[in-house]
A.B. asks: 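Got a structure for you, questions after.
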Amino acid sequence: CDAGHRFGKGNRIRLSLSNAYWPIVWPSPKSNMLTIDCARSALRLPLRASRPEDDLLAEFPPAESAPPLRQTQLDHGHNQWTVTSDIMANTSVLERSNDDGWHRIEDTGLELALHTTQRYTIQPDDPTSALLETRHVRRYRREDWAVTIVTDIALRSDAAQFHVVAKLDAREGDAIVSQQTWSFSVPRDHL
């Protein structure tokens with residue numbers, strides 16, 4: 001695991017094992033079961049002892065960054081997570097809606113908004129039923145100029161491949177500037 005953490009004295013650690021982590025990790029194409037032999041299992045954490053040369057290490061300097069953009073929030077968005085279960089269809093759906101609202105960058109006068117929806121659908125007893133659908137709506141405007149870019153992506157899989165369908169709709173005002181659709185498949189390659 002490419003992660004590090006320093007546990008303080010007296011901290012407790014909980015270990016959680018799972019054969020699935022949907023929707024964070026795409027499910028394996030086959031149902032499977034974990035079997036743990038607690039008598040023969042162990043959790044081993046690396047221990048780094050303090051060293052005398054640790055006292056010679058320089059302190060990290062303060063972080064450096066550009067000054068933040070001067071922005072004004074014009075209207076507030078909203079964020080919502082909804083989980084629904086359809087008992088008859090044996091389907092579970094997680095829907096995330098993130099709306100940043102409109103804000104203006106003061107130095108340029110550009111106003112922008114982003115609204116993202118992600119919908120994760122699965123039948124718990126069929127890992128190949130997993131479906132991810134996303135929609136991103138970006139809007140930019142300044143004075144009498146306005147553009148909207150909408151992207152829709154659907155990802156599903158079977159036992160051998162991932163299948164992607166993507167659509168792009170770009171508009172200036174109400175006029176369509178570009179519309180494109182892509183559809184392709186990628187081997188799962190042990191995923």
A.B. asks: Looking at residues at least two apart in the chain, or sitting in another chain, which of them share a ring pair (Phe, Tyr, Trp, His ring centres under 6.0 Å) with F7?
C.D. replies: H5
A.B. asks: Atom CG of D100 and atom CG of L114: how far apart are they, to the nearest 0.5 Å?
C.D. replies: 5.0 Å
A.B. asks: Do V137 and Y140 sit in one hydrophobic cluster, given that two such residues count as connected whenever their side-chain heavy atoms are within less than 4.5 Å of each other, even indirectly?
C.D. replies: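 No: no chain of side-chain contacts under 4.5 Å links V137 to Y140.
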A.B. asks: Return the minimal non-hydrogen interatomic distance between I122 and P27, and the atom names on each side.
C.D. replies: CD1-CG, 4.0 Å
A.B. asks: With a 4.5 Å limit on heavy-atom distance, are the side chains of I13 and L45 in contact?
C.D. replies: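 They are in side-chain contact.
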A.B. asks: Taking all non-hydrogen atoms of both residues into account, name the closest pair between P29 and P127 and its distance.
C.D. replies: O-CG, 3.7 Å
A.B. asks: Roughly how far apart are T117 OG1 and Q80 CD, rounded to 0.5 Å?
C.D. replies: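 That separation rounds to 10.0 Å.
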A.B. asks: Are F162 and D189 side-chain neighbours, meaning at least one heavy-atom pair lies under 4.5 Å?
C.D. replies: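 In short, these two side chains do not touch, never coming nearer than 4.5 Å.
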A.B. asks: Examine distances only and state if a side-chain atom of R139 and a backbone atom of W102 form a donor-acceptor pair shorter than 3.5 Å.
C.D. replies: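 No: the side chain of R139 does not pair with the backbone of W102.
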A.B. asks: If the plane angle is over 60° it's perpendicular, under 30° parallel, otherwise tilted; pick one for H78 and H115.
C.D. replies: tilted
A.B. asks: Checking E95 now: which residues fulfil salt bridge (charged side-chain N to carboxylate O under 4.0 Å, His left out) with it, not counting sequence neighbours?
C.D. replies: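 Salt bridge (charged side-chain N to carboxylate O under 4.0 Å, His left out) check on E95 returns R119.
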A.B. asks: Among E111, Q71, Q73, find the residue that satisfies the side-chain hydrogen bond (donor to acceptor under 3.5 Å, both in side chains) test when tested with H103.
C.D. replies: Q71
A.B. asks: How about D107 and R70: do any of their side-chain heavy atoms sit closer than 4.5 Å?
C.D. replies: yes
A.B. asks: Closest heavy-atom contact between Q118 and T134?
C.D. replies: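 The pair with the smallest heavy-atom distance is CG-CG2, 3.9 Å.
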A.B. asks: Drop me the distance from D158's CG to R188's CZ, to the nearest 0.5 angstrom.
C.D. replies: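 D158 CG to R188 CZ: 8.0 Å, rounded to 0.5 Å.
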A.B. asks: CG/L74 to CZ/R141 distance, rounded to the nearest 0.5 angstrom?
C.D. replies: 6.5 Å
A.B. asks: Assess whether side-chain contact (heavy atoms from CB on, under 4.5 Å) is satisfied between T91 and T121, documenting all intermediate values.
C.D. replies: CA-CA 7 Å; T91 302; T121 305; 3.4 Å; yes
A.B. asks: Evaluate the side-chain proximity of W22 to L94: yes if any heavy-atom separation is below 4.5 Å, no if none is.
C.D. replies: no
A.B. asks: With sequence neighbours excluded, give me every salt bridge (Lys or Arg N to Asp or Glu O under 4.0 Å) pair touching residues 17-39.
C.D. replies: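 Qualifying pairs, neighbours excluded: D37-R40.
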A.B. asks: Give the table of side-chain donor-acceptor pairs shorter than 3.5 Å for residues 148-156, with sequence neighbours excluded, one pair per line with atom names and distance.
C.D. replies:
residue	atom	partner	partner atom	Å
D152	OD1	R135	NE	2.7
D152	OD1	R135	NH2	3.4
D152	OD2	R135	NH2	2.9

A.B. asks: Compare every heavy atom of S185 with every heavy atom of Q161, then report the nearest pair and how far apart it is.
C.D. replies: OE1-CB, 3.7 Å
A.B. asks: Can you tell me how far the OG1 atom of T116 sits from the CZ atom of R138, to the nearest 0.5 Å?
C.D. replies: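 These two atoms lie 7.0 Å from each other.
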A.B. asks: Crowded around D75 CG? As in, over 12 foreign heavy atoms under 6.0 Å?
C.D. replies: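 Above 12, so yes.
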A.B. asks: Should F184 and L132 be regarded as members of a common hydrophobic cluster, given that ILVMFWY residues are connected when their side-chain heavy atoms come within less than 4.5 Å of each other, either directly or indirectly?
C.D. replies: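 Hydrophobic grouping puts F184 with L132.
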A.B. asks: Which pair of non-hydrogen atoms, one from I176 and one from Q179, has the smallest distance, and what is that distance?
C.D. replies: CG2-CG, 3.6 Å
A.B. asks: Which residues pass the side-chain hydrogen bond (donor to acceptor under 3.5 Å, both in side chains) test with N90, sequence neighbours left out?
C.D. replies: D125
A.B. asks: May I ask you to check whether S183 and H163 show a side-chain donor-acceptor distance below 3.5 Å?
C.D. replies: no
A.B. asks: So which pairs with a foot in residues 50-68 pass side chain to side chain donor-acceptor pair (under 3.5 Å), sequence neighbours left out?
C.D. replies: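 For residues 50-68: R48-D54.
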A.B. asks: Are L15 and L34 grouped together when hydrophobic residues (ILVMFWY) are joined by side-chain heavy atoms under 4.5 angstrom apart?
C.D. replies: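 Yes, L15 and L34 fall within the same hydrophobic cluster.
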A.B. asks: Same cluster or not: V186 versus V164, using hydrophobic residues (I, L, V, M, F, W, Y) connected whenever any side-chain heavy atoms lie under 4.5 Å apart?
C.D. replies: yes
A.B. asks: Around atom CD of Q180, are there more than 12 heavy atoms of other residues, nucleotides or ligands at under 6.0 Å?
C.D. replies: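 It does: Q180 CD has more than 12 such atoms within range.
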A.B. asks: Looking at K167 and D169, is there a salt bridge between them, counting it only when a charged N and a carboxylate O are closer than 4.0 Å?
C.D. replies: no
A.B. asks: Does the side chain of I105 come within less than 4.5 Å of L112's, by heavy atoms?
C.D. replies: yes
A.B. asks: In Å, rounded to the nearest 0.5 Å, how long is the span from CG of L131 to OH of Y120?
C.D. replies: 11.5 Å
